[in-house]
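Here the structure is a predicted model, which is why all the values come from computation and not from measurement.
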Amino acid sequence: MINDKEVYNVMAALVPLYVPMILAYYSVRWWKIFTPEQCSGINRFVAIFAIPFLTFHFLSSNSPYTMNILFIAADTLQKVVILGALFLWTAFAKRGGGLDWTITLFSLSTLPNTLIVGVPLLTAMYGDSSASLMSQLVFMQGVLWFTLMLFLYEYQGAMHLFLNRIPDSGDSIITTFTVDPDVNTLNGNEPLLVDLEKKENGELHVMVRSSSLKIFNRSTEMCCAHLPKRRASSFSTILDLQSEGFEEMPKIHEEKMCKRDAFKYLLNSVKHESIIDTSSSPKVIEDKEVKIVHGIQYPLSKGPKEVKIEEKDAYKKQQMPRASVMVRLTLSMVWRNLVRNPNTYASFFGLVWSLISFRWNIKMPSIINGSILILSQTATGIAMFSMGLFMALQPKIIACGKTSAAMSIVARCLVGPAVIGVTSIVIGIRGVLLRVAIVQAAIPQSIVAFVFAKEYNIHADILSTAVIFGTAISLPATIMYFVLLGL
């Protein structure tokens with residue numbers, strides 16, 4: 001039976017998490033202390049330094065040899081059951097959603113904010129033993145589930161690339177591909193050029209590379225470096241205009257001049273590059289055929305021919321490449337994202353050190369441990385502060401509409417806990433371990449899931465609402481679960 005003291009301990013663990021979040025919210029909305037650029041800097045510190053150091057410290061200080069296999073199995077089975085149900089719904093339901101809805105609903109129902117909120121909350125509820133269980137979930141999230149999310153998002157981006165951005169190739173089948181090293185993701189936000197090369201056997205080779213807009217930007221900078229500074233009445237330089245508050249107009253004026261001169265420079269200097277043309281009139285560039293569809297370049301042949309600007313529906317019948325091609329393309333993009341993510345290294349080295357440390361009882365040198373600890377201790381507070389900044393920068397708390405908001409709360413607070421409750425009982429978990437499994441599934445939405453949704457532009461408004469609204473109601477929801485499960 002839950003007594004008043006235990007409820008107070010839970011409140012004492014949760015309320016301090018909300019203090020930095022509330023301060024951050026008012027700092028932006030009411031007090032105007034931070035600008036959006038300064039908020040971006042704080043968020044970047046959290047992503048690059050605070051969270052990776054906290055992840056490393058948390059994993060390295062908990063023994064992997066005491067991992068609770070049943071607990072991990074119940075959590076894994078929950079995610080497999082939900083993901084399988086969503087795939088079946090997508091495949092067979094007449095009004096089922098696509099892969100984008102599968103990804104979104106999976107995120108909402110299975111990915112809680114375990115590291116920042118789950119650890120202090122579950123420790124206050126069920127003691128220090130639950131912290132070890134949370135470390136196991138943090139590792140599984142970082143190594144397996146967030147990687148799976150990244151795979152699904154990149155697979156969705158690859159499907160969009162092949163279906164909507166590569167023109168119809170007739171009976172030819174895409175069998176191989178090459179992705180330029182400058183291309184880091186297929187999220188659709190980065191302009192890409194796609195070349196199709198037809199082999200002798202009729203198969204196609206796809207070459208994906210960064211848009212020549214990057215070349216245009218570099219040329220813009222070079223041209224601007226040689227442009228004379230414009231003067232405005234009684235102001236000596238652009239910096240003077242900015243210091244007096246006149247920032248936008250001079251910047252826009254100078255940028256237009258730079259882009260105009262840079263475009264002239266490119267037209268005169270580029271001999272063997274295709275140019276993206278957004279006009280509707282046919283053009284011939286030098287002595288090469290340039291065929292462009294909505295900014296996408298594909299096979300060039302010799303001899304002057306006209307550019308064909310085709311309609312959007314002309315390439316919707318593009319055949320999908322073989323499954324092995326899609327998987328290899330997606331895996332290559334996932335790898336590029338993982339090697340650029342500092343949390344990947346934090347999870348890996350944290351696990352490796354814990355394996356060594358607890359196997360041979362080797363202690364980390366105090367000078368190194370102190371350096372890691374001083375940064376990791378900032379993570380929880382600054383992460384909640386960053387969440388408050390994020391909430392304050394949103395135009396509306398409920399950005400996706402009331403129906404979608406209700407759906408996100410149901411998935412977060414009801415579906416996830418219910419499914420893991422069933423899978424835990426099926427596996428044989430009872431008692432306190434069952435309560436920990438259910439409560440951790442009901443804590444607020446992982447902010448990493450929103451970061452992915454925002455980057456790939458897939459239902460970011462729903463994930464935003466889930467993070468903001470879910471964090472706001474997590475206090476009464478978790479206390480309700482704690483009390484009901486303790487009866």
Side-chain angles (χ1 to χ4, degrees), residues 6 9-10 13 51-80 110-148 343-366 368-370 372-373 376-377 379-380 416-417 419-443 446 448 478 481-482 485-486:
E6 290 175 320
N9 290 337
V10 174
I51 297 300
F53 273 98
L54 179 61
T55 302
F56 176 85
H57 173 71
F58 196 57
L59 292 177
S60 63
S61 59
N62 287 277
S63 174
Y65 300 105
T66 60
M67 181 175 290
N68 192 311
I69 302 300
L70 287 179
F71 186 76
I72 295 299
D75 180 73
T76 303
L77 184 58
Q78 177 226 24
K79 292 173 171 58
V80 171
T110 64
L111 297 177
N113 194 346
T114 306
L115 183 62
I116 303 301
V117 179
V119 173
L121 175 62
L122 271 297
T123 301
M125 287 181 172
Y126 301 107
D128 294 335
S129 60
S130 61
S132 177
L133 297 173
M134 293 302 101
S135 71
Q136 298 166 27
L137 295 185
V138 168
F139 175 76
M140 293 298 293
Q141 277 188 353
V143 173
L144 179 58
W145 301 118
F146 286 142
T147 304
L148 174 62
N343 218 42
T344 302
Y345 300 97
S347 299
F348 174 76
F349 288 115
L351 177 65
V352 169
W353 177 254
S354 66
L355 290 170
I356 296 172
S357 175
F358 289 96
R359 177 65 177 84
W360 289 287
N361 197 26
I362 300 175
K363 302 298 182 183
M364 185 178 295
S366 59
I368 298 177
N369 185 60
I372 294 172
L373 190 62
S376 65
Q377 287 176 337
T380 302
V419 175
I420 200 171
V422 173
T423 57
S424 298
I425 293 173
V426 169
I427 287 178
I429 295 177
R430 299 290 188 277
V432 175
L433 197 59
L434 175 61
R435 300 173 192 172
V436 172
I438 294 175
V439 172
Q440 67 83 26
I443 59 180
S446 169
V448 176
T478 51
Y481 272 107
F482 179 61
L485 293 172

Nearest non-hydrogen partners of Lys79 and Leu111, listed with the distance: CE-CD2, 4.2 Å
Distance only, no hydrogens: is a donor on one side chain within 3.5 Å (strictly under) of an acceptor on the other, for Asn343 and Thr55? yes
Phe56 and Phe348: aromatic ring centres closer than 6.0 Å? no
Search all heavy atoms of Pro52 against all heavy atoms of Ala346 and return the closest pair with its distance. O-CB, 3.2 Å
Hey, is the main chain of Ser354 close enough, under 3.5 Å, to the side chain of Ser357 for a donor-acceptor pair? no
Reported OG-to-CG distance for the pair Ser130 and Leu433, which is rounded to 0.5 angstrom: 10.5 Å
Between Thr114 and the options Gln141, Gln136, Gln440, the side chain to side chain donor-acceptor pair (under 3.5 Å) test singles out Gln141
Indicate the atoms forming the closest heavy-atom contact of Phe358 with Asn62, along with that distance. CE1-C, 3.6 Å
For the side chain of Ser347 and the backbone of Thr344, is there at least one donor-acceptor N/O pair under 3.5 Å apart? no
With rounding to the nearest 0.5 angstrom, report the CZ to CE distance, Phe139 to Met67. 6.5 Å
Is the backbone N or O of Ala73 less than 3.5 Å from a side-chain atom of Thr76, with the two atoms forming a donor-acceptor pair by type? no
Minimum heavy-atom separation for Ile443 to Asn113, with atom names? CD1-O, 3.7 Å
Measure from the side-chain N and O atoms of Tyr126 to the backbone N and O of Val436, and report whether any donor-acceptor pair falls under 3.5 Å. no
Decide yes or no on side chain to side chain contact (heavy atoms under 4.5 Å, CB included) for Leu137 and Leu133, but give the supporting numbers first. CA-CA 7 Å; Leu137 295 185; Leu133 297 173; 5.9 Å; no
